[in-house]
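Numbering of residues begins at 1 and proceeds along the displayed sequence. Just so you know, ligand 1 is whichever comes first in the structure, and atom 1 is the first atom listed for that ligand.
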Amino acid sequence: MTAVLVLNADLGPLHRVTLRHAVRMLLREVAVVHESEPDRLIGVYPMPKVVRLVSYVVTRWRFGSGPAWSRAGVHARDGRRCGYCGKDATTIDHILPRSRGGRNTWKNTVAACMVCNQRKGDRTPAEAGMVLRHQPSIPTWHALAQR
Ligand SMILES: [Zn+2]
């Protein structure tokens, strides 16, 4: 079963749905066929590859700045593993230290073990000669919910 891409009314891509779901959207007239497979019909409709919502849906809650920062959220995002050595993390490290203006943001914080956190101290990873295993990112609601 191929997935059908759903576009918002402003043509911004939203997500993919099953063909069956897409046809239901057409039947309910909440979406129209935007792009179809040539020469193929499903019922009375051209076989959709892309459908477009008839009215705009506000998606800021899904695609905005993401969940609010929290220490628990950082641990969940990083799987409770230290961002430097991969061992069990019990602390939060500020990549740019708070003493130097680093803030509580998703991109400035990683889960860290006590040893790495103390070793790094009030330095940036570069200054401390430490390498992040991955660049911290803003987690999606979905990723946080799965943990
Ligand atoms: Zn560590």
Hydrophobic clusters join Ile, Leu, Val, Met, Phe, Trp and Tyr when side-chain heavy atoms are under 4.5 Å apart, directly or via other members; which others share one with [X]?
X: V54; result: V32
X: L5; result: L7, L11, V50
X: M130; result: Y84, I95, V110, L132

So, does D93 use its side chain to make a donor-acceptor pair with the main chain of C116 at under 3.5 Å?
no
Between the side chain of R81 and the main-chain N/O of C113, is any donor-acceptor distance below 3.5 Å?
no
Check against side-chain contact (heavy atoms from CB on, under 4.5 Å), D88 and R80:
CA-CA 6 Å; D88 285 348; R80 292 169 184 79; over 6 Å; no
Have a look around the Zn ion (ligand 1) and list protein N/O/S atoms under 2.8 Å, or say none.
C82 SG, C85 SG, C113 SG, C116 SG
